[in-house]
Amino acid sequence: MNRAIRAGWVLGLVVLVARAAGLAQAPGEEVYKSKCQMCHGATGAADTPTGRMLKVKPVSDPEIRKLTAEQMFDSTRAGKGKMQPFKDKLTDQQIRDSVTYYRSLK
Ligand code: HEC
């Protein structure tokens with residue numbers, strides 16, 4: 001087998017494995033990590049510099065825990081306080097998935 005072909009094979013395999021890993025992730029995880037994590041933190045604890053600056057409540061806060069998924073979806077979609085609206089940046093499905101992922105962090 002010549003080198004270029006072998007390199008092509010290896011590249012193809014890497015792409016396949018990366019894609020499989022992506023699918024194994026929770027659907028909202030990627031969105032959460034790119035759009036929410038800087039304020040809400042990797043574990044939902046809001047322990048990032050931005051989270052602290054904006055005084056974001058941790059996901060474990062009783063005030064947050066009592067919110068329904070629908071209320072969270074609405075606040076994220078329309079924005080709330082210092083959190084800007086996401087309705088023009090994400091699809092409803094992406095907002096729903098990222099909220100589901102956020103709620104899964106305890
Ligand atoms: C720029 C920082 C920032 C980003 C990015 C951000 N948030 Fe927030 N989020 C906040 C702040 C600040 C609050 C508190 C709002 C308030 O109560 O005044 C908040 C509140 C919330 C709440 C509670 C809403 C409520 O009704 O009290 C949820 C749920 C939430 N965010 C989800 C998300 C999701 C999901 C994303 C990503 C799509 C996200 N946030 C991105 C700053 C951010």
Side-chain angles (χ1 to χ4, degrees):
M1 213 192 280
N2 91 28
R3 275 193 172 188
I5 294 176
R6 206 180 306 157
W9 262 102
V10 171
L11 197 74
L13 244 158
V14 169
V15 169
L16 266 179
V17 169
R19 227 182 261 161
L23 284 178
Q25 267 183 349
E29 187 172 347
E30 211 174 309
V31 180
Y32 183 86
K33 285 188 172 147
S34 61
K35 305 284 179 206
C36 323
Q37 184 165 299
M38 70 286 250
C39 296
H40 290 279
T43 61
D47 52 356
T48 61
T50 318
R52 271 193 278 263
M53 196 173 74
L54 298 177
K55 299 195 167 58
V56 180
K57 292 194 186 86
V59 67
S60 55
D61 190 283
E63 292 289 310
I64 299 295
R65 298 204 65 161
K66 72 179 190 205
L67 297 169
T68 64
E70 207 50 38
Q71 287 171 317
M72 288 186 175
F73 171 77
D74 288 344
S75 317
T76 309
R77 196 174 180 284
K80 186 170 187 206
K82 296 205 176 72
M83 178 163 68
Q84 80 276 53
F86 280 94
K87 62 177 185 290
D88 298 328
K89 302 197 179 75
L90 297 173
T91 64
D92 283 3
Q93 190 59 50
Q94 287 176 312
I95 295 173
R96 221 169 267 289
D97 289 344
S98 58
V99 165
T100 303
Y101 182 74
Y102 176 65
R103 291 173 65 86
S104 76
L105 305 168
K106 294 274 154 61

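In each ligand, atom 1 is the first atom listed, and ligand 1 is the first ligand listed.
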In ligand 1, the atoms that come under 4.0 Å of a heavy atom of Ser98 are 35 (C), 38 (C)
Heavy-atom distances under 4.0 Å are what count here, so tell me which part of Ile95 touches ligand 1: side chain, backbone, both or neither.
neither
With a 4.0 Å heavy-atom cut-off (strictly under), which part of Met38 contacts ligand 1: side chain, backbone, both or neither?
side chain
State the [atom1]-[atom2] distance between [X] and [Y], to the nearest 0.5 angstrom.
X: Gln94; Y: Arg77; atom1: CD; atom2: CZ; answer: 12.5 Å
X: Phe73; Y: Asp97; atom1: CZ; atom2: CG; answer: 10.5 Å
X: Lys57; Y: His40; atom1: NZ; atom2: NE2; answer: 11.0 Å
X: Lys66; Y: Asp61; atom1: NZ; atom2: CG; answer: 9.0 Å

So which heavy atom in the protein is nearest atom 5 (C) of ligand 1, and how far is it from that ligand atom?
Lys35 O, 3.1 Å
What protein heavy atom is closest to atom 18 (O) of ligand 1, reported as residue, atom name and distance in Å?
Gly81 CA, 3.6 Å
Check if Leu90 has a non-hydrogen atom at a distance under 4.0 Å from any atom of ligand 1.
yes
Has Lys82 got more than 12 heavy atoms of other residues, nucleotides or ligands less than 6.0 Å from its NZ?
no
Do Val99 and Leu105 share a hydrophobic cluster (ILVMFWY, side-chain heavy atoms under 4.5 Å, transitive)?
yes
Determine, using the 4.5 Å side-chain heavy-atom cutoff (strictly less than), whether Leu54 and Ile64 are members of one ILVMFWY cluster.
no
Please work out which of the three classes, parallel, tilted or perpendicular, describes the rings of Tyr102 and Tyr32, given edges at 30° and 60°.
parallel
Flag, side chain of Thr48 to backbone of Met38, donor-acceptor distance under 3.5 Å:
yes
Ignoring waters, protein N/O/S atoms under 2.8 Å from atom 8 (Fe) of ligand 1 are His40 NE2, Met83 SD
Does atom 14 (C) of ligand 1 have any protein heavy atom closer than 4.0 Å?
no
